[in-house]
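Presented below is the structure to which this report refers.
Note that the structure is predicted; figures quoted are calculated from it, not measured.
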Amino acid sequence: MYSVSKVYSEDQRQSTWVLSDTDTCMPVLHPTLYMLSKSGNAQSTRESDLRAISFFYTFWERKFGHSFCYYLITNKYDLSEPISELETFFDWLCSKQHLDDIPFDEAVHYLNTATTKFKQTNAKRVRVVARFFKHLISHYITLKYQDLSVKECSKMRQNYRDELAEYEKELKLLLKQGGKGTGTYSVYKSIPDLMRRAIIVISTPSTPSRPNNRNPFKHKNEWMQQFIQLRNDLMIRLYFNYGLRRGELLLLDINSVKMSAPTPAGEVKYLLAVTNLDDDYIDPRAYEPSIKTIYSHRVISLTQRDYKHLKGFINQYRSKLFNDNNVEQHEVLFTSSQSPYKPISVSRVKDIFKILDEAITKHYPDFRNTAIYESIPPLTPVVARHTWAYELLKYNYAKEYEISIKIAAHTGGEFIADKQIMENVVDSLKNLGGWSDYSNMPRNYGKRFFAEQANQKNIHRVNEDAKKVKDELESIIETEKTEDIFDAF
């Protein structure tokens, strides 16, 4: 647990606010150093900032089982994971879990029950934590703490700042618009299914017989263009069709793609193993991806089409890059297209999604027309994962609902309640997506689904009511016409 308290100098003339660990009764390292660097701030501001940071420390410890300071030191101040958790932290605050000493798996989580004012308050708290992250970036993503070159440090700092800026932009919109459900801010960060299919169309690689002029990934060398387009298409499909996290895809190696043992009937399954790289491998990337939690280690079933394309990429394209004895061999699946063909980096993945986003805007501009659609977030692996999760939840719910009706009709038993069906779907989504048992994110999609169902039912009710009004109006008109005829005779 953490507490924010006022401490005084020996002569009682000066005071400041400190975040302390209640177990050790000691100041917490990084927030204390952060506050010392902000000596000019008013005492009330220092107190409110520390309380916001204390909520984040509580959130982190409850979710991951260790302090945030411990994470920072043991992970060389890798801030990709903390930045990605800001969204969940905001969600956690809005569901009031910071006000009760309860574990994640017992928390009741409904973001939309939070009032507008409460959302705005929590958005301000998240912005405080984002500023704290900026301090960490400036002080610890440096040569003193990182085994990197000046250029690599500079690029890493910029990547972190870009990620923060993207999220802060959404918080700013939420504060500006009052969180009134304008559609500009969405905790889900997904895109319409129609747009997802358009992305697959654009990313499909060109072939001599079927060129795809919409594909934005070009290269002067025809073979290398085929390599790049196939590699990028496979990455995009794995993100959108199987819900991999950004880092999980970067950890795949050539042995991750497998087949199951055949059944007596000769049937096989096509599998993708999601796990860490071999312990003996020294990752040359500035950002070393890693599996998020123990729940993230999993085996995913692939379609036969995706399995064949992955194997074809490995055997016909990737292997050709490493025929040169001067190229250092490694088994990471997706590599750079430039010699010495190192594992593909986080920054390159961001570039790929940015180029793809620009291609969508060019070829399907209506998706970015806010006069037609609600504001759609920029394409990222996170957006792909959110899109996959929600589409899968809707699909599984429809299937489970259909099965429940058939079972009830066949057995004469009671129909399973909607909420129980949703709980079953959420549990399966947790397993497939690598979420922990205490993660509330899959349940968010269930809440969103029921909200959309309620909206659809209301629209259906309004349409039916409009039809009844029209029928009644026509009936009155016909009656009046008939009466006019009788009056005429």
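- Among the candidates Trp92, Phe133, Tyr2, the single residue satisfying the side-chain contact (heavy atoms from CB on, under 4.5 Å) test with Phe56 is Phe133.
- Taking 4.5 Å as the limit, some side-chain heavy atom of Asn276 sits within range of a side-chain heavy atom of His297.
- In the displayed structure, Lys311 atom NZ is contacted under 6.0 Å by more than 12 heavy atoms of other residues, nucleotides or ligands.
- Side chain of Arg318 to backbone of Leu333: a donor-acceptor contact under 3.5 angstrom is found.
- Within 6.0 Å of atom NZ in Lys342, 12 or fewer heavy atoms from other residues, nucleotides or ligands are found, so the atom counts as exposed in its surroundings.
- Judged by the 6.0 Å distance and 45° axis criteria, Lys320 is positioned over the aromatic ring of Trp223.
- Separating the CD atom in Glu391 from the CG atom in Asn241 is a distance of 11.0 Å, to the nearest 0.5 Å.
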| query | Would Lys63 and Glu85 count as a side-chain contact (heavy atoms from CB on, under 4.5 Å) if you check the C-alpha gap in whole Å, the side-chain angles of each, and the deciding distance to 0.1 Å? | reply | CA-CA 10 Å; Lys63 183 165 186 179; Glu85 288 293 338; 2.9 Å; yes
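- Using a 3.5 Å distance cut-off with no hydrogens or angles, the side chains of Ser203 and Asp233 do pair a donor with an acceptor.
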| When you look at Glu163 and Asn159, which way does the side chain to side chain donor-acceptor pair (under 3.5 Å) test go after all the steps? | CA-CA 6 Å; Glu163 290 177 20; Asn159 285 340; over 6 Å; no
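- One finds the CG atom of Leu194 at 10.5 Å from the CD1 atom of Ile199 (value rounded to the nearest 0.5 Å).
- With Ser37 contributing its side chain and Tyr34 its backbone, the two residues share a donor-acceptor pair below 3.5 Å.
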| task | Using the side-chain contact (heavy atoms from CB on, under 4.5 Å) rule, take Ile344 and Leu250 through it: C-alpha gap first, then chi angles, then the decisive distance, then the call. | result | CA-CA 7 Å; Ile344 198 165; Leu250 301 179; 3.6 Å; yes
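- Across Tyr317 and Gln226, no two heavy atoms sit closer than the pair OH-OE1, 3.4 Å.
- Looking at heavy atoms from C-beta onward, Glu331 lies out of side-chain contact with Asp278 at the 4.5 angstrom threshold.
- Taking every heavy atom of both residues into account, Pro378 and Arg368 meet most closely at CA-NH2, 3.8 Å.
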| message | Working note: Asp357 + Lys354, criterion salt bridge (charged side-chain N to carboxylate O under 4.0 Å, His left out); need CA distance, chi angles, decisive distance, verdict. | response | CA-CA 5 Å; Asp357 204 335; Lys354 184 179 179 181; over 6 Å; no
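- In this structure, Pro216 and Glu358 have side chains that are not in contact, with every pair of non-hydrogen atoms separated by 4.5 Å or more.
- Closest heavy-atom contact between Arg125 and Asn122: NH1-OD1, 2.8 Å.
- Side-chain contact between His66 and Trp60: present, with at least one pair of heavy atoms (C-beta onward) separated by less than 4.5 Å.
- Within 6.0 Å of atom CZ in Arg214, 12 or fewer heavy atoms from other residues, nucleotides or ligands are found, so the atom counts as exposed in its surroundings.
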| request: Check the pair Asn396 / Ser428 against side-chain contact (heavy atoms from CB on, under 4.5 Å), numbers first and verdict last. | output: CA-CA 9 Å; Asn396 285 349; Ser428 66; 4.1 Å; yes
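- With rounding to the nearest 0.5 Å, the separation of OG1 in Thr387 from CD1 in Ile191 is 4.5 Å.
- Proximity of Leu432 to Trp388: side-chain heavy atoms (C-beta onward) are separated by under 4.5 Å at one or more points.
- Looking at every heavy atom in both residues, Ile200 comes nearest to Ile236 through CD1-CG2, 4.4 Å.
- Going from atom CZ of Arg385 over to atom CZ of Phe240 covers 13.5 Å, rounded to the nearest 0.5 Å.
- In terms of modelled atom types and a separation under 3.5 Å, the side chain of Ser154 and the main chain of Lys151 share no donor-acceptor contact.
- One finds the NZ atom of Lys155 at 5.5 Å from the OG atom of Ser345 (value rounded to the nearest 0.5 Å).
- Checked by atom type, the side-chain pair Asp253/Ser256 shows a donor-acceptor distance below 3.5 Å.
- Put simply, the side chain of Arg246 never gets that close to the backbone of Val349: no donor and acceptor are under 3.5 Å apart.
- Formation of a donor-acceptor pair under 3.5 Å by the Tyr160 side chain with backbone atoms of Leu79 is found in this model.
- You'll find the side chain of His330 reaches within 4.5 Å of the side chain of Thr335, heavy atoms only.
- Between atom OG1 of residue Thr275 and atom CG of residue Leu252 there is a gap of 10.0 Å, rounded to the nearest 0.5 Å.
- Side chain of Gln329 to backbone of Phe322: a donor-acceptor contact under 3.5 angstrom is found.
- Under a 3.5 Å cut-off, the side chain of Arg298 and the backbone N or O of Ser296 do form a donor-acceptor pair.
- Counting non-hydrogen atoms of neighbouring residues, nucleotides and ligands closer than 6.0 angstrom, the OH atom of Tyr281 exceeds 12 such neighbours.
- Put simply, the side chain of Asn221 gets close to the backbone of Met224: a donor and an acceptor are under 3.5 Å apart.
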| message | Working note: Val383 + Ser190, criterion side-chain contact (heavy atoms from CB on, under 4.5 Å); need CA distance, chi angles, decisive distance, verdict. | response | CA-CA 5 Å; Val383 168; Ser190 62; 5.7 Å; no
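- Closest approach of Cys153 to Ile141, counting heavy atoms only: O-CG2, 3.9 Å.
- Residues Pro343 and Arg285 meet the side-chain proximity criterion, which asks for heavy atoms closer than 4.5 Å.
- Here the side chain of Arg161 pairs no donor or acceptor atom with the backbone of Ile137 at under 3.5 angstrom.
- Phe334 and Phe313 have tilted rings, their planes meeting at an angle from 30° to 60° on a 0 to 90° scale.
- The heavy-atom pair separating Arg305 from His309 by the smallest distance is O-ND1, 2.9 Å.
- The ring pair (Phe, Tyr, Trp, His ring centres under 6.0 Å) test with His30 singles out one residue from Phe132, Tyr57, Tyr140, Tyr71, and that residue is Tyr140.
- Using a 4.5 Å heavy-atom cutoff, the side chains of Asn212 and Gln229 are not in contact.
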